Amino acid sequence: SKKKGLSFEEKRARMMEIFFETKDVFQLKDLEKIAPKEKGITSVSVKEILQSLVDDGMVDTDRIGTSNYFWAFPSKALHARKRKLEELESQFAESSQKKEALQKSIEKSKTGREDTAERAALLKELAALRQKKEQLKTEIDKYRECDPDVVEEMRQTNQVAKEAANRWTDNIFSIKSWAKRKFGFEESKIDKGFGIPEDLDYID
């Protein structure tokens with residue numbers, strides 16, 4: 001079956017992993033080589049992902065001579081993320097309070113009244129605030145996705161999954177070897193009979 005592609009936020013998180021794990025400084029051309037090989041990010045999307053992280057203050061950049069360099073360290077990223085989260089959560093709380101106040105005003109306006117221009121305006125403002133609330137929630141989730149702690153947890157989870165997959169691969173190879181010795185089966189017939197891919201191998 002065809003592998004599911006990475007989402008935009010997954011690509012952002014994996015890009016941050018490169019900076020956090022290496023603590024190095026890169027040029028765009030370096031990342032376009034490293035990201036596909038080590039993190040499964042297509043080279044054509046590296047520039048867009050990198051620019052989004054720069055725009056959000058997650059990655060620093062500077063021009064030296066004729067070249068642009070990029071870097072990000074966990075300590076700075078964590079502080080930047082915390083500041084942004086505090087700002088977004090403050091906006092979110094303010095929007096929620098305003099939404100609640102408007103909801104009460106609307107409910108009050110219903111009592112003994114027909115639809116009015118004021119009520120229509122309040123409903124319109126409420127709808128806009130609901131949309132703003134959802135946008136802020138999305139923005140908050142985006143910054144949580146690039147949390148160094150979350151990135152590290154994802155890295156550890158990936159490592160556990162890789163080790164488990166390699167254990168199963170090892171078991172399959174052992175059973176195939178036993179079947180060849182015990183019954184004299186050809187490897188190709190074993191693969192075909194049990195639906196084992198010919199290119200089955202360990203995950204690097």
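Everything numeric in this text was worked out from a predicted model, so none of it was measured.
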When rounded to the nearest 0.5 angstrom, what is the spacing between [atom1] in [X] and [atom2] in [Y]?
{"X": "L122", "Y": "L129", "atom1": "CG", "atom2": "CG", "answer": "10.5 Å"}
{"X": "L136", "Y": "E87", "atom1": "CG", "atom2": "CD", "answer": "9.5 Å"}
{"X": "K47", "Y": "E32", "atom1": "NZ", "atom2": "CD", "answer": "8.0 Å"}
{"X": "S95", "Y": "K137", "atom1": "OG", "atom2": "NZ", "answer": "12.5 Å"}
{"X": "Y69", "Y": "D30", "atom1": "OH", "atom2": "CG", "answer": "8.5 Å"}
{"X": "I34", "Y": "K29", "atom1": "CD1", "atom2": "NZ", "answer": "12.0 Å"}

Candidates K133, Q135, Q97, K132 - the one meeting side-chain contact (heavy atoms from CB on, under 4.5 Å) with F92: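 Option passing the side-chain contact (heavy atoms from CB on, under 4.5 Å) with F92: K133.
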Side-chain (S52) to main-chain (I49) donor-acceptor, under 3.5 angstrom: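 Yes; judged by distance alone, with no hydrogens or angles, the pair exists.
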Side-chain (K23) to main-chain (F20) donor-acceptor, under 3.5 angstrom: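 Confirmed, K23 side chain pairs with F20 backbone.
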Heavy atoms of other groups near E94 CD, more than 12 under 6.0 Å: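 Not more than 12 within 6.0 Å, no.
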State, with a plain yes or no, whether a side-chain heavy atom of [X] is found less than 4.5 Å away from one of [Y].
{"X": "I41", "Y": "E10", "result": "no"}
{"X": "L50", "Y": "V59", "result": "yes"}
{"X": "F19", "Y": "M58", "result": "no"}
{"X": "F70", "Y": "Q27", "result": "no"}
{"X": "F73", "Y": "D60", "result": "no"}
{"X": "R130", "Y": "K99", "result": "yes"}

CA sep, side-chain torsions, deciding dist, call: E17, E38, side-chain contact (heavy atoms from CB on, under 4.5 Å): CA-CA 10 Å; E17 283 182 1; E38 296 187 7; over 6 Å; no
Heavy-atom pair with the smallest gap, counting every atom of [X] and [Y]:
{"X": "L126", "Y": "Q103", "result": "CD2-OE1, 3.5 Å"}
{"X": "K39", "Y": "L6", "result": "O-CD1, 3.9 Å"}
{"X": "S43", "Y": "P36", "result": "N-CG, 3.7 Å"}

N-O pairing of R12 and E9 below 4.0 Å: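 Looking at E9 together with R12, the answer is yes, because their closest N to O distance falls below 4.0 Å.
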Presence of salt bridge, E100 and K104, under 4.0 angstrom: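 Between E100 and K104 there is a salt bridge, with a charged N closer than 4.0 Å to a carboxylate O.
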